[in-house]
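Report on the following structure.
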Protein chains: 2
Amino acid sequence: MTMPQPLRIGDAYNPDCPTRHILDRIGDKWAVLVLLTLKDGPARFNDLRRRIGAISQKMLSQTLKSLERDGLVSRAAFPTVPVTVEYRLTPLAGGLIRILDQVTQWAESHVGAIMAARRAHDGALADAMAA
Amino acid sequence: MTMPQPLRIGDAYNPDCPTRHILDRIGDKWAVLVLLTLKDGPARFNDLRRRIGAISQKMLSQTLKSLERDGLVSRAAFPTVPVTVEYRLTPLAGGLIRILDQVTQWAESHVGAIMAARRAHDGALADAMAA
DNA sequence: CTGAATCCTTTTTGATACTG
DNA sequence: CAGTATCAAAAAGGATTCAG
């Protein structure tokens, strides 16, 4: 019989592990961008499209659909003509947003160090090539 | 003239924005897996390969190289025969690891809610199809 | 053992055209 | 406005082979 496995990091290695699904969502560039954009408040489809800018309509549609499926974003359609659709974060998304904020904060405060590391690394590489 | 932009979320939308590079790294499944594995301590190439399991040699090599370039992982080669190489997290990676831990914690504690949302969503979809 | 190089398959994404 | 459908392009990943 299959015992319930303790939740280890290792679980993430298994594509079938549910935890992995969430890592995949975090790892989805567009999903993160959409979530962070919705943090400012509800927005409509083309609003998001314009604000994110670089996203194609296909990707936005796809991303919103999976976020909605995961219960992180809710969709409300109003029977106006033409139809109005509004997306917003769900309460469930709240905690995730806080973590994403930490990620961006970390990124902003350490981007300098990382870029410096890159320069050093690339420089050392160039030196090695020249030698 | 181009004014220095305030650091907004929007910066992440620009592929050229350095902050975006970091988001991309977080968004790299293999990078995250490698970082979390190295959290347990230094490890050698084939160690990592075995522990991560699903990763190919190519991906592991590629991932380690970019993590090293970003100053998140350091590489030490010992002139044994055959050569021994050890990878470990740098101090810079420390803060990032803490955030990644939060992500996995959040994932573990909310995976139930997300799976439930999926079932509800898929169920509602099936109902709509049947109607 | 630790990789680099190559080829080939799969996945992802973008462009475009069309619908309610 | 808010999408869907389809096709082509591009990127990522895997398998294999070879080398220090």
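Letters go in sequence order (proteins before strands), and every chain restarts at 1.
Across the protein-nucleic acid pair, D28(A) atom CG and dT11(C) atom P stand 17 Å apart, rounded to whole Å. The distance between atom CD1 of I52(B) and atom C1' of dT2(C), rounded to the nearest whole Å, is 15 Å. Rounded to an integer number of Å, the gap from E68(A) CD to dA2(D) C1' is 13 Å. As a whole-Å value, the separation of D24(B) CG from dT13(C) P is 12 Å. Nucleotide dG3(D) holds its P atom 7 Å from the CG atom of L64(A), rounded to whole Å. As a whole-Å value, the separation of D47(B) CG from dG3(C) P is 12 Å. In this structure, the CG atom of N46(B) is 5 Å from the P atom of dT2(C), given to the nearest Å. Here dG3(C) presents its P atom at 12 Å from CZ of F78(B), a figure rounded to the nearest Å.
When the nucleotides dG13(D), dC7(D), dC1(D) are ranked by their closest atom to the side chain of W30(B), dG13(D) comes out on top. Here dT4(D) is the nucleotide among dT4(D), dC7(D), dG3(D) with the atom lying nearest to any side-chain atom of Q57(A). For S61(B), taking side-chain heavy atoms from C-beta onward, the closest of the listed nucleotides dA4(C), dG3(D), dT13(C) is dA4(C). With dG13(D), dC1(D), dG14(C) as the choices, the nucleotide that has an atom nearest any side-chain atom of K58(B) turns out to be dG13(D).
Remark: the backbone N or O of G71(B) is paired with a side-chain donor or acceptor of T90(B) at under 3.5 angstrom.
Proximity of K65(B) to the phosphate of dA4(C): a side-chain N or O atom is located under 4.0 Å from OP1 or OP2. Checking the phosphate oxygens (OP1, OP2) of dT2(C), a side-chain nitrogen or oxygen of R44(B) falls inside 4.0 Å. Phosphate contact (OP1/OP2 of dC1(D), side-chain N/O of Y87(A), threshold under 4.0 Å): absent.
Nucleic acid contact class of K29(B) (heavy atoms, under 4.0 Å, all strands): none. Using a 4.0 Å heavy-atom criterion, one finds that R75(B) contacts the sugar-phosphate atoms exclusively.
The shortest side-chain heavy-atom distance between R51(B) and D40(B) falls under the 4.5 Å cut-off. Side-chain contact between F45(B) and V85(B) is absent, with no heavy-atom pair separated by less than 4.5 Å.
Toward the 5′ end of DNA chain D lies the nearest nucleotide of P82(A), the other residue of the pair P82(A) and V83(B) mapping further downstream. Nearest-nucleotide mapping onto DNA chain C: of F45(B) and M59(A), the residue sitting toward the 5' end is F45(B).
For the side-chain contact (heavy atoms from CB on, under 4.5 Å) with L72(A), the qualifying choice from L38(A), L64(A), L67(A), V34(A) is L67(A), the only one to do so.
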query = Going through the distances and angles, do D24(B) and K29(A) end up as a salt bridge (charged side-chain N to carboxylate O under 4.0 Å, His left out)?
reply = CA-CA 7 Å; D24(B) 284 349; K29(A) 177 179 76 174; 5.6 Å; no

